[in-house]
Amino acid sequence: MSANTPPEDNSKPSVAFLFSIGLISAASLGCEILLMRLFSIIQWHHFAYMMISLALLGYAVSGSFITLMGERLSRRFDHAYMINALLFSLMAPGSFFLAQKINFNPLEILWDKGQWLRLAEIFLLLMLPFLFAANCICLSFLRYRKHINRIYSADLIGAGSGALGVILLLYWLFPLTILGLISALALAAMALLLTDRRQLKPATICAGFALLLPVLVWHSDLQIKPVTYKSLSQTLNQIGTQVLEQRSGPLGLITVVASPDIPFREAPGLSLLSRSLPPEQLGLFVDADSLSAITHFDGDLSRLDYLHEMPSALPYVLLQQPEVLILGSGGGSALLQALWHDASRIDAVELNADIVDLLRHQFAAYSGGIYNHEKIHVHVAEARGFLESTPALNEGKYDLIQIELLGAFNASSAGLFALSETYIYTVEAMQKALQHLKPDGLLSLGRWVQLPPRDGPRLFATITEALQEQGITDIAERLIWIRSWNMSLILVKNGRFDQTEIRQIKTFCSSRAFDLVWYPGISENEVNQYNRLSQPFFYQAAVALLGEEREKYIDQYKFNITPVTDDKPYFFRFFRWRALPELLAQGKTGGYSLLDLGYLVLIATLILAVIFSVILVMLPLLVNRTVRKVIFASQSRVAIYFSCLGFAFIFIEIAFMQRFSLYLAHPVISAATLLSAFLVFAGLGSRCTGREKNRRFLIRVVAGIILISSTYLLFLSQLFNASMAYSNVSKIIFSVILIAPLALLMGMPFPIGLSRLAGEQNDTNDRLVAWAWCVNGCASIIGAVLATLLAMHLGISAVIILALLFYGIALMSLPDYQ
Amino acid sequence: MHITLIKRDLLCKHGLPPVTICLLLLFYWGSAVFADDFSQSREALVQEIISDFKATAAQTHRAEMAPAVLNALRKTPRHEFVPSDQVKRAYRNRPLPIGYGQTISQPFIVALMTELLDLQSDDVVLEIGTGSGYQAAVLSEIVDQVYSIEIIEALGERARKTFDRPGYQNIHTKIADGYFGWQAHAPFDAIIVTAAASHIPPPLVKQIKPGGKMIIPVGSRFMTQHLVLVEKDENGSVTTEQILPVVFVPLTGGGKR
């Protein structure tokens, strides 16, 4: 092997080498997506997010490390590249299995400081593969300093392809098998470099291992082990449980469990007075948590009388043979409830195709074939997307639209969804749903009860806002709100409730020990009767939200219950900073349980990312005098330019991904399309820069980005509305066409700046390039977390505007030629 | 390990009575110090719970514990109900892991749940979810009979072994489905459920005596959010009361609306 490449070698990177870089990047991004998936199964989503976000600091560590090493590494480029690729190949799976062994319990994190140490151990381990991948790329910038645009292009195109590849592979393969493939990709990257250097024998060995590795992983008995506190682990500890089926997909790992000795009895909010009990059920777990049930049904509806004893049965008391739309039909309990109540037609919308497939085939006999029932029409789609893409008839189609519970009872109470966008509980979603209702039709919204109340008041505030915006004046006459000890149900009528209906509702509640919260004409002495709270909090909320002092009430409430909109679609973020001191002071007597863990984890991630970034960026300056001198000579331009680019790129990417996710409706399709389109077209953009490095060119690029983004900011909603009913394929193509020009331009500023720093080969320039890579890496990671936080507080539009501002600042601080 | 071998060697080969005596004395002194340590930390824990009760009285309406509850907390050795790796943390006012994805509840919550049941010395109590056995042990100091059901075999067996020791003869356990209660000994003056499910089992409600109570904690394993107290009056009517241990009213102004 040629250990040392000549110091002044300005040759172009070969196609084989560019492929090698592409493979390393594909493996690295694939690894990121996969680790997020794996840790969502083992742990909970928000901690997975934290671990992986911080692990990505491996990119910044790489920059910092190479800055310190100077040209020592780049002089031995081939060796360094090979070693790093090999280490990536070993540590991509290795760090996962080691991290899985660490006994980290996020539920204990507020009780036990030792858990933070374990969390740190995990993220440091997971950082390793990203560090090695980033080393390969950064060293390649130095080795091919005159062709940085080509290297960066291969890096981005590889990353985009890796993202798309892994998301698609998740449909067919279990995550651990894909981890084997990712490891093999790095070996293939080594083989390509060796081929390029005419080292054919070692290249063949590497390629052989690359082919062998996935086969070995496929046949190994490596396992994903969820922590013992996840519902699935706990269930499997019970006597007589058995896993019947496991399916893996990008939307989650589905596990079906039988428990004949301690039967599942899922019946949310079942009345304490119910004489009828749930029959035999199978447990349906998603990502080892979020328990729902597949109910045994032998065709005899009389055995399912319990379905009439839950709060969700209320709308059926008011309707005769309704046409029903169920959003989120899952294991099918809501479908059985509709059948029990003699619905004439049921449209069932379920996002997860695996669940539908299981109920249509393997568990069809067990579930009485409900997903094949003549009255039931199944649509595999996202709930909001279904509402948007189904044309609303003049008078609406449904007598009842039921939005099923999202999330399990305990997950909901622990604030685990605070991070995720939820487009079904927004003002716009409510308005859309109402458009699909027939006159006098009902929209039914069930939520778990949280104390102090959060979900209920927020949903009520959102609905009233939606009605108000539509110019409806008799809002109070159109709403019903009831609750049991753990469920609340809000009914919205496309018309006014009459006295007969109100009598029926009162009878329904009193015979089941459910409480009335709101009906038109309710008085305070009718509330808080069966499930008593120290004050009638729910009734107080209803009165306030329908009254003159609505805004003041929302503003003063200790949790965030402001109406949710598409611009800030974070229904589950209830946290307000001003409540924090009070909650912490009473932590041990229940205060901890009221903290929005998801949100606080996001804040903690941001703080940690900033601290680590400062250390990584400053370390080379403190240690090496030459670096310090060069950086200071640039008048902070390098730092400002590359950090602004990092922030701007990731802000735009995340903001538009959120915007498009509503349009493309399906979270997986949306993530795969957007991520790969952004990265691949940015890669092509980088390739287009060629030797263009001057300021004038950059001005044109930034002007283009600002022009396109501003146009989208103003007109994207209209474009989406006009094309919402198109087929999925058309919408994907349309999205790619929209993203392409923007991403193309966004791929240019980074290689332009870096090429100006690279100059001729010398130690100082090497360090400067590596330092810029470090700064950019830090900004991208902080930016990703910050973008989510800013979207929560200021809205998605504000994130885009800020990104454009960052591009403007970057333009003004373009570093000088070295 | 080495020390143990040396000691055994000394005792066996030479049969030195002074060494044996010294060791025995050392052992008793050690255990006395240990026991003393635990009783001190147990008392400190009880004092902490007493202050928690005062702090949360506005919501729970219980500023103090009944003497029987207080006595039970003082007597029950929590360190005997936790796994060996948790013994040093046994008297902290926090939930602790006991294996199998289960926890021993926070002592304050155990005290509050016990207190809210208003137990009498001749009461018969049913517990669903034996877990560590600590809650059953506390109850056994107060009431006549405690029946406890566990669904995880290993935990049930472990608790049963602990209850074989003197002092817990009034605790009866079985490993079974708790949904239908324990019909043979029903009705009960009080029922305590250690984890909330998607609904309160109606068969359990039926097994509460008129005038009796049932209590259920809601939340995750490590964070109790609130307690649900189910009450059945003398006529058999059932109501629930949700008790938030936190002095936290959703509105500003201390809830003076």
Side-chain angles (χ1 to χ4, degrees), chain A residues 105 107-108 110-112 227-230 233-234 237-239 261-263 265-275 277 310 409-410 413-414 449-453 457 485-486 513 529-535 537 540-541 553 556-559 579 582-583 586 588-594, chain B residues 48 52 55-56 58-59 61 89 92-97 99-103 106 108-109 151-155 175-179 196-203 205 218-226 228 230 238-253 255 257:
Chain A
N105 175 18
L107 300 178
E108 254 186 295
L110 292 170
W111 296 104
D112 179 10
V227 296
T228 52
Y229 298 99
K230 292 200 91 170
S233 311
Q234 293 190 331
N237 277 329
Q238 294 172 11
I239 44 174
D261 295 340
I262 317 286
R265 295 184 185 94
E266 279 298 297
L270 182 72
S271 165
L272 272 70
L273 310 178
S274 175
R275 286 161 192 245
L277 302 176
M310 302 194 289
F409 186 28
N410 287 333
S413 64
V449 162
Q450 292 179 320
L451 292 175
W485 71 275
N486 70 339
Q529 299 281 311
Y530 301 102
N531 302 286
R532 294 193 306 265
L533 300 169
S534 60
Q535 290 182 47
F537 292 126
Q540 288 168 355
Y553 181 85
Q556 285 186 344
Y557 208 77
K558 278 184 191 164
F559 294 98
E582 204 176 337
L583 293 177
Q586 300 185 64
K588 288 186 176 177
T589 54
Y592 288 158
S593 70
L594 303 179
Chain B
E48 196 180 329
D52 282 350
T56 54
Q59 294 296 311
H61 305 295
R89 303 200 282 177
R92 290 191 195 165
N93 191 11
R94 52 155 293 183
L96 292 169
Y100 308 96
Q102 306 299 312
T103 53
Q106 186 190 357
F108 165 62
I109 297 294
I151 52 174
I152 296 170
E153 197 168 9
L155 281 180
I175 295 157
D177 182 11
Y179 192 82
S198 73
H199 63 274
I200 296 171
V205 178
V218 176
S220 73
R221 292 269 165 222
F222 284 87
M223 285 173 197
T224 301
Q225 202 179 40
H226 64 265
V228 182
V230 182
V238 180
T239 54
T240 74
E241 190 179 346
Q242 272 146 301
I243 298 153
L244 212 65
V246 195
V247 189
F248 190 88
V249 179
L251 277 169
T252 48
R257 286 180 78 252

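Being a predicted model, the structure only gives us computed values, none of them experimental. Note on naming: letters A, B, ... go to the chains in the order of the sequence lines (proteins, then strands), and numbering restarts at 1 for each one.
When heavy atoms are compared at a cutoff of 4.5 Å, B:Pro97 approaches chain A by way of both its backbone and its side chain. Looking at B:Ala154, there are no atoms closer than 4.5 Å to chain A (heavy atoms on both sides), in backbone or side chain. Contacts of B:Glu153 with chain A are made by both backbone and side-chain atoms, with heavy-atom separations under 4.5 Å. Proximity to chain A is absent for every atom of B:Arg92, based on heavy atoms less than 4.5 angstrom apart. The part of A:Asn105 that comes within reach of chain B is its side chain, from C-beta onward, which places non-hydrogen atoms under 4.5 angstrom from that chain.
Scanning all heavy atoms of the two residues, the minimum distance from B:Phe222 to A:Trp111 falls at O-NE1, 2.8 Å. Across A:Ser274 and B:Pro202, no two heavy atoms sit closer than the pair O-CB, 3.4 Å. The two atoms that bring B:Pro203 and A:Leu277 nearest to each other are CG-CD1, 3.8 Å, heavy atoms only. Taking each heavy atom of A:Ala267 and B:Ser198 in turn, the nearest pair found is N-OG, 3.1 Å.
Side-chain contact check for B:Asp177 versus A:Arg265: some heavy-atom pair is nearer than 4.5 Å. The shortest side-chain heavy-atom distance between B:Ile175 and A:Ile239 falls under the 4.5 Å cut-off. By the 4.5 Å heavy-atom criterion applied to side chains, A:Asn531 and B:Gln242 are counted as neighbours. Looking at heavy atoms from C-beta onward, A:Met310 lies out of side-chain contact with B:His199 at the 4.5 angstrom threshold.
In terms of heavy-atom pairs under 4.5 Å with chain A, the best-connected choice from B:Ile151, B:Val205, B:Thr239 is B:Ile151. Contacts with chain A were tallied for B:Arg89, B:Arg94, B:Gln106; B:Arg94 has the most, counting heavy-atom pairs under 4.5 Å. Taking A:Leu273, A:Asp112, A:Leu451, A:Val227 one by one and counting their heavy-atom pairs under 4.5 Å with chain B, the maximum is reached by A:Leu451.
The side-chain hydrogen bond (donor to acceptor under 3.5 Å, both in side chains) test applied to A:Ser233 returns no partner, not counting sequence neighbours.
No more than 12 heavy atoms of other residues, nucleotides or ligands sit less than 6.0 Å from atom OH of B:Tyr100.
To the nearest 0.5 Å, the span separating CD on B:Gln102 from CG on A:Asn237 amounts to 7.0 Å. Interatomic distance, CD of A:Gln234 versus CD1 of B:Ile152, reported as 7.0 Å (0.5 Å rounding).
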